[in-house]
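Order of the sequence lines fixes the chain letters, A, B, ..., with proteins taken first and strands second; residue numbering starts at 1 for each chain.
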Amino acid sequence: MSEKLVLIDGHSILNRAFYGVPDLSNSEGLHTNAIYGFLNILFKLLEEEKPEYLTVAFDVKAPTFRHEMYPEYKGTRKPMPQELHEQVPVMKQVLHAMGIRTMEQPGLEADDILGTLAKRAEKEGMDVSLVSGDRDLLQIASDKIKIRIPKTKGARTEVEDYYAADVEAKYGVTPAGFIELKALMGDTADNIPGVPKVGEKTASELLKQFQTLDNLYAHVEEVTKKAVRESLIANKDLAYLSLDLATIRIDSPVVLDWNEARLGELYTEDAYQLFRKLEFKNLLGRFEQKETKQDSLTAKIHVTSDLADAQEIFEAVKKAGHCGFAVLSDQKKCRKIEETEFCGLALCWGEEQIAVLPAEGFLTAQWLCSQLSDLYLAGVGLSTFEIKKAYPALLSNGEKDQDSCGTKTLFDVLIAAYLLNPLKNDYEPEDIAKEQLDRMIRTRKQLFEKLSLKEAYAQRPEEFYEYAGTLAYVCYAAMPVLSQKLEEAGMQKLFDEIEMPVSRVLYEMEKEGVLVRRQELQAYGDALVDRINELETKIHEAAGCEFNINSPKQLGEILFEKMGLKGGKKTKTGYSTAADILEKLAADNPIVADILEYRGLTKLKSTYADGLADYIEEDGRIHTSFNQTITATGRISSTEPNLQNIPMRTELGRLIRKVFVPRDNYLFTDADYSQIELRVLAHISGDEQLIEAYKSDADIHRITASKVFHTPFEEVTDLQRRNAKAVNFGIVYGISSFGLSQDLSITRKEAATYIEQYFATYPQVKTFLDKQVEDAKQNGYVTTLYGRRRPIPELKSSNFMQRSFGERVAMNSPIQGTAADIMKLAMIHVWEELHRRKLNSRLSLQIHDELLIETDRAEATEVAELLKDKMKHAAELSVSLEVDLHTGENWYDAK
DNA sequence: ACATTCACG
DNA sequence: ACGTACGTGAATGTC
């Protein structure tokens with residue numbers, strides 16, 4: 001068995017990876033996607049090839065590349081974008097850390113190094129794999145030298161392999177012929193001139209006839225086409241110069257002792273540290289098997305089920321005055337503690353003080369929770385991860401202040417981490433340990449895969465203890481670090497006075513849930529079915545065949561190919577069949593109108609009628625999850641099910657709201673802010689005209705129309721008002737003439753005029769929006785009125801689209817975020833007031849600018865009054881906050 | 001796992 | 001030349 005050498009074209013693969021892997025960066029802002037992609041390709045190669053030797057060649061000067069999108073565009077090559085450029089030195093660092101030899105030699109291109117090494121190795125009897133994204137290397141292919149070209153196909157990478165025979169099979173020329181082909185046709189991207197008048201087709205025909213360039217010139221008179229023949233003769237020098245340029249050198253003065261390229265231990269300590277720094281979490285797994293580095297933490301974890309021990313521990317915690325804790329229970333929903341799979345508590349009250357208290361023997365769930373609850377009542381500072389799920393245990397002995405949901409003794413590291421960077425997709429304890437404590441801990445998945453906590457405790461106690469103890473430790477140790485960072489970012493108050501209190505409110509709302517009439521919901525769904533079936537038959541008949549109307553692919557083919565409707569391709573995968581496209585066709589094509597109706601009805605059926613029914617629990621109620629750490633702007637989100645997108649805009653959809661009802665002897669009180677975002681804009685921009693407009697208490701869109709279109713208020717037409725309204729919305733979204741023109745179906749130019757007029761009317765709004773973008777570029781983030789931050793990394797992008805997006809986000813986030821802050825304040829105040837007055841009414845839902853309260857009939861007047869009051873005065877802005885309030889026997893009637 | 005569509009604010 | 005309005009979540013089809 002001969003030895004094997006793998007050669008990698010460094011810049012080329014890095015470039016492929018850069019465009020193939022979505023943008024990634026570590027917490028320091030260093031882009032890492034190309035490195036990540038490169039490593040994935042590298043690891044895949046190593047597994048497949050198991051080579052003895054490997055080396056990566058780089059050009060000395062960073063080369064330019066053909067732009068992915070426009071490979072043939074005028075021969076210009078895009079310079080390497082900054083996001084890729086900064087990754088090159090780090091990539092080399094990573095390779096060196098893994099003991100991989102890199103090659104770069106002044107005066108030599110990577111191609112020449114690779115070609116030379118490949119041929120040399122072949123001569124010495126090795127098998128060679130040469131990996132590049134560039135087809136130029138195909139000229140090196142032989143029986144022993146395999147050229148491998150990774151292609152990013154969708155999510156995964158596929159590799160095309162070429163031995164000499166494969167090159168011939170695919171391209172009809174030998175590897176050597178490749179050079180001649182290029183010499184004749186040229187390659188603008190590589191600055192190879194080629195022979196004028198000779199393109200790909202002619203070049204290929206000439207070679208088929210004459211095989212080589214030499215032979216061609218020996219028989220140049222036999223070339224039939226006159227123009228080509230003359231060009232060939234006139235440009236003989238150019239042809240040979242091109243041949244030279246196209247030839248990859250296989251005899252360059254490369255100095256390499258194979259031993260330097262021999263692979264050794266890849267998973268070194270240095271590499272480990274680098275991977276950590278780059279935050280390649282799923283690549284770190286490769287190191288785990290190598291080094292079972294026991295984190296020093298595990299030795300400190302004290303496990304006991306002895307009552308006296310446990311009592312001592314709680315005493316010690318009380319004495320310490322603060323601790324990190326973890327409630328060891330798996331629960332999707334926040335519930336009473338008896339209903340959870342509680343299996344113990346973990347506590348940490350010092351660097352060396354970590355205890356795990358499994359619920360068994362005398363340590364009952366109830367006892368443990370009441371001890372924890374006592375700590376809370378005693379004013380001990382408590383830090384945990386995801387406090388919403390800890391509340392059942394934490395509150396099991398009642399309240400400290402019955403009517404206050406704010407207490408500075410509670411600290412949720414999850415919420416803190418979210419505030420510091422709301423853009424992340426998840427905030428796992430291991431991420432917090434890494435980012436805040438620079439400590440690697442084993443993840444739950446690593447410790448016990450998919451086992452539930454209870455199963456883990458039974459089957460793998462050691463791992464369970466490690467998980468539990470570590471969790472408490474992270475909560476303990478990360479608290480001061482996060483707290484300090486919040487302080488530095490000016491978000492301490494936001495955290496203490498808005499986020500922590502609102503977590504309590506959300507917990508109560510989830511626990512309470514909302515009553516849904518199951519049978520009425522069922523009946524609603526049934527009523528849809530007949531019409532859906534009718535439409536389905538009708539659509540299939542009109543189309544002349546049966547197909548799946550729900551498949552955009554099939555639908556697109558039927559409409560735009562079979563039936564020949566106009567409406568060009570819009571998506572990557574085919575025709576767009578989105579509603580706004582179909583609506584334009586509906587007038588002329590009855591089938592399209594039917595499809596739209598079908599879409600609407602099936603949506604109602606599957607998402608709402610059937611979808612909601614699955615979430616009705618035994619108490620007849622739906623308990624949604626309100627997520628506090630999801631959105632980039634500070635809004636709450638709702639899942640399982642989403643109760644923040646229940647239909648409203650169409651009458652048929654809106655009827656679903658009739659199945660949401662209050663319990664017996666209760667009714668619904670519903671209040672929503674009137675244009676809170678525009679009012680927020682008026683306040684934070686300080687625009688006198690806009691503030692004045694709101695003080696006049698008249699229809700804001702009509703006022704805007706009047707001012708923008710220079711029309712007396714009474715004479716504003718409906719169209720003018722509609723346009724003004726669209727502009728008002730557009731401003732909040734981060735206006736662009738394109739977006740507005742789309743929305744109003746007008747030209748960009750007209751839209752631009754509207755915007756100009758708008759800014760002339762409200763000049764300080766423009767100043768404000770410009771300043772947001774300016775500040776965001778300066779600081780990397782924008783803030784709300786209450787100090788909430790939204791980082792905007794897109795502003796640094798070299799991509800125009802991304803940057804424009806960043807600018808719109810910079811304009812929108814302070815507005816949307818401030819409105820979200822105000823709503824949270826209102827929720828806290830409403831909750832506290834309900835408790836202070838010992839009322840039975842309870843908050844049910846929050847829908848961004850709307851609150852729904854399940855109201856005791858006896859309290860109806862009082863609740864309406866306090867709800868409106870607390871919402872209106874949640875913030876005192878330079879314009880008043882107006883609230884529309886309704887009551888009713890169900891949600892439909894209460895709006 | 002990803003894309004498309006559509007429900008809400 | 002580029003190709004979008006901001007913020008979400010669920011269902012469905014396709015790979």
Side-chain angles (χ1 to χ4, degrees), chain A residues 22 67 69-70 73-74 153-156 422 547-556 570-582 595-596 599-612 614-615 624-627 630-650 652-654 656-657 672-673 675-677 726-727 729-744 748 751 755 790 792 794 798-817 819-820 823 845-850:
Chain A
H67 194 281
M69 298 311 181
Y70 314 98
Y73 183 67
K74 293 275 177 196
K153 286 229 166 165
R156 61 191 177 282
F547 67 101
N548 188 345
I549 307 167
N550 288 321
S551 159
K553 189 169 171 246
Q554 292 179 39
L555 181 61
K570 221 195 89 184
T571 62
K572 291 164 212 165
T573 47
Y575 304 99
S576 171
T577 64
D580 56 340
I581 305 271
L582 296 190
I595 289 167
L596 284 167
R599 279 253 182 90
L601 297 184
T602 50
K603 178 92 178 179
L604 290 175
K605 178 80 165 79
S606 63
T607 305
Y608 299 103
D610 297 348
L612 289 176
D614 292 340
Y615 288 101
T624 184
S625 291
F626 286 111
N627 313 297
I630 299 287
T631 70
T633 53
R635 275 189 177 182
I636 303 291
S637 95
S638 158
T639 49
E640 294 183 304
N642 181 354
L643 294 184
Q644 289 179 323
N645 72 345
I646 303 302
M648 175 72 188
R649 291 169 190 169
T650 68
L652 182 61
R654 195 172 182 165
I656 292 192
R657 296 180 172 225
D672 69 288
Y673 280 115
Q675 297 145 355
I676 186 171
E677 291 184 340
V727 178
F729 266 95
I731 295 291
V732 170
Y733 289 160
I735 196 85
S736 77
S737 55
F738 188 90
L740 185 65
S741 70
Q742 284 288 102
D743 191 53
L744 289 177
R748 267 181 82 157
I755 294 169
R790 155 118 197 219
I792 312 179
E794 291 90 349
S798 58
N799 178 307
F800 173 80
M801 271 302 304
Q802 292 236 321
R803 223 168 38 243
S804 306
F805 173 73
E807 289 169 5
R808 294 194 296 273
V809 162
M811 298 188 254
N812 169 266
S813 293
I815 303 171
Q816 191 185 121
M823 178 49 112
L845 299 176
Q846 186 253 43
I847 308 99
H848 310 307
D849 64 352
E850 171 188 357

Using a cut-off of 4.0 Å on non-hydrogen atoms, how would the nucleic acid contact of [X] be classed: base, sugar-phosphate, or nothing?
X      : answer
A/I815 : nothing
A/N645 : base
A/T602 : nothing
A/E850 : nothing

Selected nucleotide, minimal atom distance to [X] side chain, candidates [options]:
X      : options               : value
A/R649 : B/dA7, C/dT8, B/dG9   : B/dG9
A/R748 : C/dA10, C/dT4, C/dT8  : C/dT4
A/F800 : B/dG9, C/dT12, C/dC2  : C/dC2
A/S576 : C/dT14, B/dT5, B/dC6  : B/dT5
A/M648 : C/dT12, B/dC8, C/dT14 : B/dC8
A/I735 : B/dT5, C/dA5, C/dG3   : C/dA5

Taking atom types as they are modelled, is there a donor-acceptor pair under 3.5 Å from the base of C/dT4 to the side chain of A/R808? yes
Would you say the side chain of A/R790 and the base of C/dG7 hold a donor-acceptor pair, judged only by whether the two atoms sit under 3.5 Å apart? no
May I ask you to evaluate whether A/Q816 reaches the phosphate of C/dT8, defined as a side-chain N or O under 4.0 Å from OP1 or OP2? no
Do any side-chain nitrogens or oxygens of A/S804 fall under 4.0 Å of OP1 or OP2 in C/dT4? no
Just to verify, which of A/Q846, A/Q644, A/H848 counts as forming a side-chain contact (heavy atoms from CB on, under 4.5 Å) with A/S638? A/Q644
Looking at A/T633, A/V809, A/I676, A/V732, which hits side-chain contact (heavy atoms from CB on, under 4.5 Å) with A/Q816? A/T633
Expressed in whole Å, how much space separates the P atoms belonging to B/dA3 and C/dA5? 16 Å
Could you measure between the two P atoms, the one in C/dT4 and the one in B/dT4, and give it in whole Å? 11 Å
Can you check whether A/I847 reaches A/M648 side chain to side chain, under 4.5 Å on heavy atoms? no
Min side-chain heavy-atom separation A/R808-A/Y733 under 4.5 Å: no
Under 5.5 Å and under 30°: A/F738 stacked on C/dT4: yes
Atom pair distance, as rounded to whole Å: NE2 in A/H848 and P in C/dT8: 10 Å
According to side-chain hydrogen bond (donor to acceptor under 3.5 Å, both in side chains), who are the partners of A/S576, at least two apart in sequence or on a separate chain? none
Pairing partner of C/dC2, by Watson-Crick or G-U wobble and under 3.5 Å for both distances, is none
